[in-house]
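One structure is given here, and the rest of the page talks about it.
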Amino acid sequence: MTGLALRNWVLVIVGNIFVIILAVRAVGYYARRDWGDMTAHLVAAVVVAGVIFFPDQVITLLKNSWTMFTTG
């Protein structure tokens with residue numbers, strides 16, 4: 001198994017665990033009618049999901065952002 005295949009396998013497992021946790025917590029917030037916490041949870045979930053499911057694109061985005069801010 002190559003390093004890339006191992007990384008992809010780990011990301012799939014972590015991504016699925018993340019989705020399960022997200023669903024359970026979102027249902028809990030919905031049941032308590034805690035709309036503010038549910039909204040904040042979903043916004044954070046989008047960011048974390050981007051990092052989990054699209055790591056190469058996130059790294060490129062961070063590198064480009066850093067270059068833009070440092071070269072001014």
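A chain of hydrophobic side-chain contacts below 4.5 Å, direct or via other Ile, Leu, Val, Met, Phe, Trp or Tyr residues, connects I17 to W9. Hydrophobic clustering places L22 together with W35 (ILVMFWY residues linked when any side-chain heavy atoms are closer than 4.5 Å, directly or through intermediates). Residues V10 and V19 fall within the same hydrophobic cluster, defined by Ile, Leu, Val, Met, Phe, Trp and Tyr side chains chained together at heavy-atom separations under 4.5 Å. Using a 4.5 Å cut-off between side-chain heavy atoms of Ile, Leu, Val, Met, Phe, Trp and Tyr, with links allowed through other members, V48 and V14 fall into the same hydrophobic cluster. With hydrophobic clusters built from ILVMFWY side chains whose heavy atoms lie under 4.5 angstrom apart, L61 does not share a cluster with F53.
Scanning all heavy atoms of the two residues, the minimum distance from M38 to A26 falls at SD-O, 3.8 Å. V58 and G50 get closest at one heavy-atom pair: CG2-O, 3.4 Å. In plain terms, the two heavy atoms of I52 and G15 that are nearest each other are CG2-CA, 3.6 Å. Pairing each heavy atom of A49 with each of F18, the nearest pair is CB-CE2, 3.8 Å.
With values rounded to the nearest 0.5 angstrom, T71 atom OG1 is found 11.0 Å from W66 atom CH2. Atom-to-atom distance recorded for I21:CD1 and N16:CG is 11.0 Å, nearest 0.5 angstrom. Residue L11 holds its CG atom at 9.5 Å from CG of L6, rounded to the nearest 0.5 Å. Atom CG in L62 sits 10.5 Å away from atom OG1 in T67 (nearest 0.5 Å).
Pairs of residues two or more places apart, or lying in two chains, that qualify as side chain to side chain donor-acceptor pair (under 3.5 Å) and include a residue from residues 20-32 are R25-Y29. Applying the side chain to side chain donor-acceptor pair (under 3.5 Å) test to pairs two or more places apart or on separate chains, none has a residue in residues 39-52.
Contacts of N64 classified as side chain to side chain donor-acceptor pair (under 3.5 Å), with partners at least two apart in sequence or in another chain: none.
Within the 4.5 Å cutoff, side-chain heavy atoms of L4 are placed close to those of N8.
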